[in-house]
Colleague: 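My structure is below; once you've seen it, I'll send some questions.
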Amino acid sequence: MDFYYLPKEYQQTHKMCFELIGQIEEFLVRDEYKFLQVTTYPIDEVEIPNIQKEDFDVWDYLREHNQAGFRLQLNKSIILGLLKDFCYFMQESLDCSNKMRLVVAYALLRRPLVDNLKILLRFVYDDNFYDDFIKRNDYDPAHLNDDTLREYLDKTDSIRMANSIKGSFIYECIYKKENMGSILNLSNRAIHPVTTRLWNKTGEMNFNFMFATHADIEHLWQHYYAYLPAILLFYVELFNNTIFCLFESEIDKDLYPKKIEKIVDIMQKKPSKTQ
């Protein structure tokens, strides 16, 4: 891995973050998880002429002829979308940090960490998610009131190996408005030149991050690499548990302990003597 402007004290953590994202990316690139992208369904011979029509819509067909298949395909499509979003945005964010483009790095954290985590939590824990997602054109699954968000994050405590990383800690890191260093607040400032909320106000004679000094950049690096490993570990375990539970009839269950072993290996790596 090439490093540009990233100070040596953050380089090992930077590598570790990329490796944790790689554990999520495996669901997209490894043959063992190809079932997420390819699904076969039995088709009645009489339906073949309809399937061959140019205006054929697989979603309409499944909804009418195979409700279980429709639900399965929807699950896979949502999971794939969340996986791709997470990997692409997080990898680009890390690249921007490496190039000392910290404002862009924080802006890229917004969608995967602030918005899509709410969607994933709703997908896993909200019993009304499917009906609302399918039937309501005004439904916003990324909108959660604070109490429900905390409740869902607390529920993740029972499914993860890293017991030291509680859902309440993730709330503090990502969503807590009173925490000036939360991803919510910092990504807002990264995206908007001026923020006016009382808890995240730009202030007079200022634009968010435009006048950042070297000391400010160093502080942003410290914060970025202090928060990100825990958040990534949380996300890795949440994705692992969700996918292995949701698609247990198609997935090789022996892969799960191997993924856990790999996570432990990544987290136990020591900085090299050259850093």
Colleague: May I ask whether V104 and M210 are part of the same hydrophobic cluster, defined by side-chain heavy atoms of I, L, V, M, F, W, Y residues being less than 4.5 angstrom apart, directly or through others?
Modeller: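 No, it is not one cluster - the side chains of V104 and M210 are not joined through contacts under 4.5 Å.
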
Colleague: Among Y33, F247, F244, which residue meets the ring pair (Phe, Tyr, Trp, His ring centres under 6.0 Å) test with Y256?
Modeller: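 So, applying the ring pair (Phe, Tyr, Trp, His ring centres under 6.0 Å) to Y256 and each of Y33, F247, F244, only F244 qualifies.
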
Colleague: So which heavy atom on K176 is nearest to which on S182, and how close?
Modeller: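 Closest pair (atom of K176, atom of S182, distance): O-OG, 3.1 Å.
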
Colleague: Is there a donor-acceptor pair closer than 3.5 Å between any side-chain N or O of D115 and the backbone N or O of A142?
Modeller: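 A pair under 3.5 Å: no.
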
Colleague: Are K259 and F27 in a cation-pi contact, defined as NZ or CZ under 6.0 Å from the six-membered ring centre and within 45° of the axis?
Modeller: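 Verdict for F27: a cation-pi partner in K259.
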
Colleague: Strictly distance-based, threshold 3.5 Å: is any side-chain N or O of Q37 a donor or acceptor partner for the main-chain N or O of L28?
Modeller: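 Side chain of Q37 to backbone of L28: a pair is present.
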
Colleague: So which heavy atom on V236 is nearest to which on L20, and how close?
Modeller: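 Heavy atoms of V236 and L20 come nearest at CG2-O, 3.4 Å.
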
Colleague: Would you name the heavy atoms of C87 and I24 that are closest together and state the gap between them?
Modeller: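 Residues C87 and I24, closest heavy atoms: SG-CG2, 3.8 Å.
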
Colleague: Using only heavy-atom distances, determine whether the side chains of D146 and Y171 contain a donor-acceptor pair under 3.5 Å.
Modeller: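 Yes, side-chain donor-acceptor contact under 3.5 Å.
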
Colleague: Should we count CG of D138 as having more than 12 external heavy atoms under 6.0 Å?
Modeller: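 Count over threshold, so yes.
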
Colleague: With salt bridge (Lys or Arg N to Asp or Glu O under 4.0 Å) as the rule and sequence neighbours excluded, what pairs involving residues 58-78 come up?
Modeller: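 Every pair satisfying salt bridge (Lys or Arg N to Asp or Glu O under 4.0 Å) with a residue in residues 58-78: K76-E250.
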
Colleague: Should the pair F3 and H14 be assigned to parallel (<30°), tilted (30 to 60°) or perpendicular (>60°) ring geometry?
Modeller: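 Judged by the thresholds at 30° and 60°, the geometry between F3 and H14 is perpendicular.
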
Colleague: What class does the angle between the rings of Y235 and F86 fall in, given that below 30° is parallel, 30 to 60° is tilted and above 60° is perpendicular?
Modeller: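 The rings of Y235 and F86 sit tilted, inter-plane angle from 30° to 60°.
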
Colleague: Salt bridge (Lys or Arg N to Asp or Glu O under 4.0 Å) for R150 and D154? Distances and angles first, verdict last.
Modeller: CA-CA 6 Å; R150 287 172 181 262; D154 286 343; over 6 Å; no

Colleague: Same cluster for L153 and I159 if Ile/Leu/Val/Met/Phe/Trp/Tyr side chains link at under 4.5 Å?
Modeller: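 Linked, L153 and I159 end up in one cluster.
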
Colleague: Hey, can you tell me if F133 and F129 have their rings parallel, tilted or perpendicular (30° and 60° cut-offs)?
Modeller: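 Parallel.
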
Colleague: Does K177 offer a backbone N or O that forms a donor-acceptor pair with the side chain of N185 under 3.5 Å?
Modeller: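 Pair found, side chain donor or acceptor close to backbone of K177.
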
Colleague: Ignoring hydrogens and geometry, is there a side-chain-to-backbone donor-acceptor pair from W221 to S97 under 3.5 Å?
Modeller: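 Checking the backbone N and O of S97 against the side chain of W221, a donor-acceptor pair under 3.5 Å is found.
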
Colleague: Heavy-atom count around H143 NE2 within 6.0 Å, excluding the residue itself: above 12?
Modeller: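 At most 12 heavy atoms, drawn from other residues, nucleotides or ligands, come within 6.0 Å of this atom.
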
Colleague: If you measure from the Lys or Arg side-chain nitrogens to the Asp or Glu carboxylate oxygens, is any gap between E151 and K155 under 4.0 Å?
Modeller: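 Salt bridge flag = yes for K155 with E151.
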
